[in-house]
Amino acid sequence: MSAVQQPSPEDVVATLTRQGVRGVTVGWVDNNGIVRSRTVPTAELPAVARRGVGITAAFAVFDSHDGITFAHEGLATPSGDVRLVPELGGAGGRGVTVLAGQPGLAWVDGRQLDPDGGTWPYCQRAVLERQVALAAEAGFEVRAGYEIEMVVAREGEEFLPAHRGPAYSANALRDVDEFVVRLLGDLEANGLGIGQLHAEYGGSQVEIALDATDPLTLADDQVLVRQTIHAAARAEGLRVSFAPVTTTDGAGNGWHLHTSLTRDGRNALTGDDEHGLSAVGRGYLAGLLRELPGLVAVTAPSTGSLLRRRPGYWAGAYGFWGVENREAALRLVPSSTLLGPDHTNVELKASDASANPYLALAVVIAAGLAGVRDGAELPAPVQEDVGTWDDAARAAAGIAPLATTHAEQRAHLLASPLVRDVLGDDLLGAFVACRDADAAWAADHTVDEVVSSLRWVY
Ligand code: GLU
Ligand code: MG
């Protein structure tokens, strides 16, 4: 798939040992957006790279509360083993990173294989690799970047905000100066580029924007950035919540996903048509738009995501697009004189940390490229806040709210042939079972309990 050579595990071990690395953590993201991991002694890495670490097949049906649901037919018993194999970089992605904030440890993302080394249909990384390969077959490279919103709190059982606002203010950020400086250093040392950092709108919120790169590297980076942020926070006596909603009131944490297509080294979305789009750009945006209900069931899938999806919070509550419209689920960020012609990208607002980033990127790429392939028709952009319109006006414009209940979201998930094709029947079945298990948990608890149960898990 890639011309990059797999580095020899023995060479990796020699380098890590020279740097004083004692253990390598192999991470992967489950169907709830939770990062799970196994840490192996550095010297074991060559053996682990060959045969993997054993993990239970049931990880595909873990729910957000560490329950295991056996409702999915393919994984209905406690039996079964999967091999978690570190992806050292040969097939794309980031490879091994020595963790600046966790001295003595390195990080690498893993792929899941069946015990004979064959494809494990529940491996989320493989799902994204397939879509990247299909994009390449269609003549495109995908570029993608994440905005990462988080709430920073003081360490402790109670929820104590670490800054007091006001929104976007230097004064707010000054409350967490030491964290900011440490984080900037650790991000750089871990090879993670960010465009900028600021105090966000919500209570005690901070945001960073991760640099755009290829999808596999971005998904790996999105995992590494969490590890980097959590470690920097811990060192400063802080805790960070990436949950879609941290408290029941106020702004949520969006992890907005920006994507664009490149062909022959140029941004293929940019063109001379209206809004600075090419025909490819129009098709890409239209493909995302028509697929939104099923798409967001993967990119913002959790019970927390449903709570975050409220009008007026710039969280993408309605299925429409606009040019630089921050209330739209899809915001076109056009090129401009200052930004240059290669800047055009589409931001998906209905995206958050409870998504598995490999699956999220996979469905986004597939939906956009299907729109390009079909020459899907793009309606006119909407520049207003459609939440201020009445139902009749929205219906006349063909704009519907995205799901806010499990039942609606589940129906959308199952009604999308594209999502089914991208995830495959097995993984889709497990994914739906996880959503059902979370919904059953939520039905037995108050909204406050749901919110606090998910606050620290991402
Ligand atoms: N916090 C908002 C969200 O839940 C987004 C605010 C913004 O546009 O940056 O997605
Ligand atoms: Mg933001």
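We number each residue from 1, following the sequence as shown. Predicted, not measured: the structure shown is a model, and the values here were computed from it. For ligands, and for the atoms within them, numbers begin at 1 and follow the listed sequence. Quick note: numbers below take in every heavy atom, side chains included, and nothing from hydrogens, waters or symmetry partners.
In terms of distance to the Mg ion (ligand 2), the nearest N, O or S atom of E200 is named OE2. When the Mg ion (ligand 2) is compared with the N/O/S atoms of E149, atom OE2 turns out nearest. When distances from the Mg ion (ligand 2) to the N, O or S atoms of E207 are compared, OE1 comes out shortest.
With ligand atoms numbered from 1 in the order given, ligand 1 contributes 9 (O) to contacts under 4.0 Å with heavy atoms of E200. Each of the following atoms of ligand 1 lies closer than 4.0 Å to a heavy atom of H256: 3 (C), 5 (C), 7 (C), 8 (O), 9 (O), 10 (O).
Under 4.0 Å is where a charged nitrogen must lie from a carboxylate oxygen, and between R435 and D63 no such pair does. One finds a salt bridge joining R290 and D374 here, because a Lys/Arg side-chain nitrogen approaches an Asp/Glu carboxylate oxygen to under 4.0 Å. Taking a cutoff of 4.0 Å between a charged side-chain nitrogen and a carboxylate oxygen, R94 and D109 do not qualify as a salt bridge. The pair D66-R36 counts as a salt bridge, with a side-chain nitrogen and a carboxylate oxygen less than 4.0 angstrom apart.
Other residues, nucleotides and ligands place no more than 12 heavy atoms under 6.0 Å from the CD atom of E377.
Listed for the S453 side chain is a donor-acceptor partner under 3.5 Å among the backbone atoms of V450.
Residue contact check for ligand 1: Y313 places a non-hydrogen atom closer than 4.0 Å to it.
For ligand 1, the polar-atom distance check against G252 finds a nitrogen or oxygen pair separated by under 3.5 Å.
Nearest-heavy-atom check against atom 10 (O) of ligand 1 across R308, R309, K349 picks out R308.
Rounding to the nearest 0.5 Å gives a distance of 12.0 Å between CD of Q222 and CD of Q227.
Of the protein's non-hydrogen atoms, E149 OE2, 3.4 Å is the one closest to atom 6 (C) of ligand 1.
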